[in-house]
Amino acid sequence: MSLALARAGLLLFVVLLWELLWIRGLPAYILGPFEILKHFFAALGSTELYGNIGASLMRSVPGFAIGAVLGSALGLAAGVSRVLDRMLSPMIFLSYPVPKIVMLPLFMLWFGIGDISKILIIALACFYPTFINAYYGAKSTPKILVWSALNLGASPWRVFCRVVVPSALPLIFAGLRVSLALSYIVMFAAEMINADSGLGHLIRVAESGLRFDLMYVSLLSIAILGYLSDSLLRLTRTRLLTWQELDA
Amino acid sequence: MSRLVPFVLIGAALAGWEIMARSGLWSPLLFPSLANIGYEFAQFFSRTDRLLEAWTSLHRALGGFALAATTGVVIGMLMGRSAFVAGLLDPLFSGTYAVPKLALFPIFIFAFGIGSLSKVALVFLECLYPIVIITCHGARGVDRVLLWSAQNMGAARGEILRRVVVPATVPFIFAGFRVALPVALIVVIMTEMVSSADGLGYQVIYALASLKTDRMLALVVVIALLGWLLDKALVVMRDRLVYWEKLETYYV
């Protein structure tokens, strides 16, 4: 109870302080909180914002889907099969700390400056965290469970589906959460570097036109989008992993 | 023989690239040959102005990372050891976790200028999250039995913190650093690509705009090497400091 009060108090304090400072006069690039909300609701009434959100989602969702599916499939496979492990892991662990966004110019040359190069760069960025988590998830399956299942006469494929995958799922979800955050970052960067639509493009246009209201609208939209998809992922996780206690 | 297996795929990829480059089916603008890339790569290391670009990027990345590391460890420790602080700050960190902080960059440019400061500020913000979250996780998970034993043997609060909590959390702190360090590099390169006149990210965009694909690829290799070296340095440091715990999985 006192915690909720402290939280609400802190939030109220920050917002009020911000608003008061804004009334007293802040630099032009900082808008007051209520001003931002006013502009945001005004923008919700126009179609321009929806078009840009749609364009952004058309890039980030397929990219995330490709990266997540490939990453978890290959990660699980490499965690189970020694041959694949030997072949894939060194390359992936070697290139893991490399910022994947540097491949964007190359992808732009190969696949054009349209959506394909952006989708592929998002997929590439999302692939790594999912792969690594799925890999360790599959590797850390308790041996005793696998042996018991085999002893009870389960086929290797059935062991994979019923033992390895469920025990790797918590880690896979941890990887997906990282990938999701990354997909928005990379989407935004790719759109800021080169695009003719999308939220990243909108913020660039607003920046060069000194339209601070539009800048905050775009910022708030991407924040809400990120928060909503993260909540959706966490909800799916609690639904799927009913047997697991959640701590974070 | 079996030690060579990891290199099979890498070798095949390189050979495939060279064949594509030499086949003449694609323009050398799309697939420059390895020799040209190697030449540009050697050029990079023989010219001080290029090395200076790498230094610019590196000092931005490490500056932001160092700020995030010091702040993040303190916040993470507080959140891990105090239920009140955790309750207060947890909604903030988990709520804005998936929000791309990169969107703040245009505002940072207005606030901190177009030079290094806006980039360092963004690196700080992006690196703060993984460090805080993982440190908090580690500090919260300190073995109760150890805390009780220390208390029973009459250790003061400060001593428990110094001798029990901190050593138990250090592996997690390093795990957080290991997630955050590549992020620092990503953010620096991105921001330099978006708006800058120096640094490696700018050089990549510049090479692209001048259709020097071989130079661009050489820069990509340089950035990759930098990322790999930073990670290696961190792992070496971790193994020296946290000598009592072996690095087994990738994260912790």
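When reading the values below, keep in mind they use all heavy atoms of this one structure, side chains included, and skip hydrogens, waters and symmetry mates.
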Atom pair [atom1]/[atom2] of [X] and [Y] - distance to nearest 0.5 Å:
{"X": "A:Met108", "Y": "B:Ile205", "atom1": "CE", "atom2": "CD1", "value": "6.0 Å"}
{"X": "A:Asn194", "Y": "B:Met193", "atom1": "CG", "atom2": "CE", "value": "10.0 Å"}
{"X": "A:Phe188", "Y": "B:Lys101", "atom1": "CZ", "atom2": "NZ", "value": "12.5 Å"}

Based on non-hydrogen pairs under 4.5 Å, which of A:Leu219, A:Asp85, A:Asp230 is most in contact with chain B?
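Most heavy-atom pairs under 4.5 Å with chain B: A:Leu219.
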Count the heavy-atom pairs under 4.5 Å between each of A:Leu228, A:Ile193, A:Leu88 and chain B, then report the option with the highest count.
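Maximum pair count with chain B is reached by A:Ile193.
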Contacting moiety of [X], where chain A heavy atoms sit under 4.5 Å:
{"X": "B:Leu217", "value": "side chain"}
{"X": "B:Leu225", "value": "neither"}
{"X": "B:Pro91", "value": "side chain"}
{"X": "B:Leu200", "value": "neither"}
{"X": "B:Leu208", "value": "side chain"}
{"X": "B:Ala13", "value": "neither"}

Can you see which heavy atom on A:Pro105 is nearest to which on B:Val204, and at what distance?
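Taking every non-hydrogen atom into account, CG-CG1, 3.5 Å.
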Testing the basics here: between A:Ile222 and B:Ala103, what is the closest heavy-atom pair and its distance to 0.1 Å?
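Closest heavy-atom pair between A:Ile222 and B:Ala103: CG2-CB, 3.7 Å.
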Between B:Trp17 and A:Trp110, how do the two ring planes meet: parallel, tilted or perpendicular, split at 30° and 60°?
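Plane angle between 30° and 60°, so tilted.
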So, do [X] and [Y] sit near enough that their side-chain heavy atoms are less than 4.5 Å apart?
{"X": "B:Ser195", "Y": "A:Glu207", "value": "no"}
{"X": "A:Pro99", "Y": "B:Met190", "value": "no"}
{"X": "B:Val220", "Y": "A:Leu106", "value": "no"}
{"X": "B:Met216", "Y": "A:Val102", "value": "no"}
{"X": "A:Lys100", "Y": "B:Pro182", "value": "no"}
{"X": "B:Tyr97", "Y": "A:Leu180", "value": "no"}

Residues of residues 196-203 of chain A near chain B, each having a heavy atom less than 4.5 Å away
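Only A:Ile203 of residues 196-203 of chain A have a heavy atom under 4.5 Å from chain B.
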Side chain / backbone / both / neither for A:Tyr135 at chain B, heavy atoms under 4.5 Å:
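Looking at A:Tyr135, nothing touches chain B.
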Would you mind checking which part of A:Met187 comes under 4.5 Å of any heavy atom in chain B, side chain (CB onward), backbone (N, CA, C, O), both or neither?
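Neither; nothing under 4.5 Å.
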A:Leu182: what forms a side chain to side chain contact (heavy atoms under 4.5 Å, CB included) with it, not counting sequence neighbours?
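So A:Leu182 forms a side chain to side chain contact (heavy atoms under 4.5 Å, CB included) with A:Ala125, A:Pro129, A:Ile185.
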Contact leader toward chain A among B:Gly87, B:Ala83, B:Gly227, B:Pro130, where contacts are heavy-atom pairs under 4.5 Å
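Ranked by contacts with chain A, first place is B:Gly87.
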If we define contacts as heavy-atom pairs under 4.5 Å, which of B:Ala207, B:Pro106, B:Ala224 has the most with chain A?
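Most heavy-atom pairs within the cutoff with chain A belong to B:Pro106.
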Would you say that more than 12 heavy atoms from the other residues, nucleotides or ligands in this model lie under 6.0 Å from the [atom1] of [X], or not?
{"X": "B:Tyr206", "atom1": "OH", "result": "no"}
{"X": "A:Ile113", "atom1": "CD1", "result": "no"}
{"X": "B:Leu88", "atom1": "CG", "result": "yes"}
{"X": "B:Phe112", "atom1": "CZ", "result": "yes"}

Pair A:Phe212-B:Phe110, side chain to side chain contact (heavy atoms under 4.5 Å, CB included): steps then yes or no:
CA-CA 10 Å; A:Phe212 296 113; B:Phe110 283 109; 3.6 Å; yes
